[in-house]
**Student:** 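Can you read through this structure? Questions will come right after.
Keep in mind that this is a model prediction, so the values were computed, not measured.
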Amino acid sequence: MTKSEVIKEFFKKSVLPVAVAALLYCIFKSACTKDGVTDYVWLFILCGLPFGIPRMFAWIVPGGSLGGGIALFALNFIIGGVIGGFILAWRLIVAVWYVPLTVYRLIVG
């Protein structure tokens with residue numbers, strides 16, 4: 001790999017996910033704080049929602065009434081947020097891993 005490819009991959013795999021996570025945290029922290037106490041479960045779900053959007057409609061259950069459909073729609077959003085929260089956590093772990101890997105590639109390569 002050339003040095004420009006290594007740096008491009010570093011920004012793609014390390015800097016971008018950390019910046020997106022920090023931006024989502026800043027946006028949703030005020031929405032999850034009530035009386036000075038932050039609800040970290042809802043913060044985890046809301047921050048993971050953008051990462052879980054492609055996966056949240058995987059379990060659409062047909063049928064039912066309008067109220068049941070709205071409840072299933074809300075449940076899909078919550079499930080998507082939980083799945084996306086774990087995806088976000090995994091991407092942050094990968095971002096931490098790419099820091100020493102990039103240093104190694106720049107020194108050796």
**Student:** Would Phe44 and Tyr25 satisfy ring pair (Phe, Tyr, Trp, His ring centres under 6.0 Å), going step by step from the backbone distance to the final call?
**Tutor:** CA-CA 9 Å; Phe44 178 77; Tyr25 176 78; over 10 Å; no

**Student:** For the atom pair CD1 (Ile83) and CD1 (Ile45), what is the distance rounded to the nearest 0.5 Å?
**Tutor:** 11.5 Å

**Student:** At what distance, to the nearest 0.5 angstrom, does CD1 of Ile27 lie from CG of Leu43?
**Tutor:** 11.5 Å

**Student:** Shortest non-hydrogen contact from Gly84 to Phe51?
**Tutor:** O-CB, 3.7 Å

**Student:** Can you list everything that forms a side chain to side chain donor-acceptor pair (under 3.5 Å) with Thr33? Sequence neighbours excluded, please.
**Tutor:** Thr38

**Student:** When you compare the side chain of Asp39 with that of Lys34, does any pair of heavy atoms fall below 4.5 Å?
**Tutor:** no

**Student:** Could you grab the distance from atom CG of Leu106 to atom CD1 of Ile7, nearest 0.5 Å is fine?
**Tutor:** 5.5 Å

**Student:** Check whether any side-chain heavy atom of Phe11 lies under 4.5 Å from a side-chain heavy atom of Leu16, and answer yes or no.
**Tutor:** no

**Student:** So, taking the atom named CZ in Phe28 and the one named SG in Cys32, what distance separates them when rounded to the nearest 0.5 Å?
**Tutor:** 8.0 Å

**Student:** When the side chains of residues 88-104 are checked against the rest of the protein, which donor-acceptor pairs come out under 3.5 Å, sequence neighbours left out?
**Tutor:**
from	atom 1	to	atom 2	distance (Å)
Tyr98	OH	Glu9	OE2	3.0
Thr102	OG1	Tyr98	O	2.6

**Student:** Following the transitive rule for hydrophobic clusters with a side-chain heavy-atom cut-off under 4.5 Å over Ile, Leu, Val, Met, Phe, Trp and Tyr, establish whether Val20 and Leu46 coincide in one cluster.
**Tutor:** yes

**Student:** Can you tell me how far apart NZ (Lys13) and NZ (Lys8) are? Round to the nearest 0.5 Å.
**Tutor:** 13.5 Å

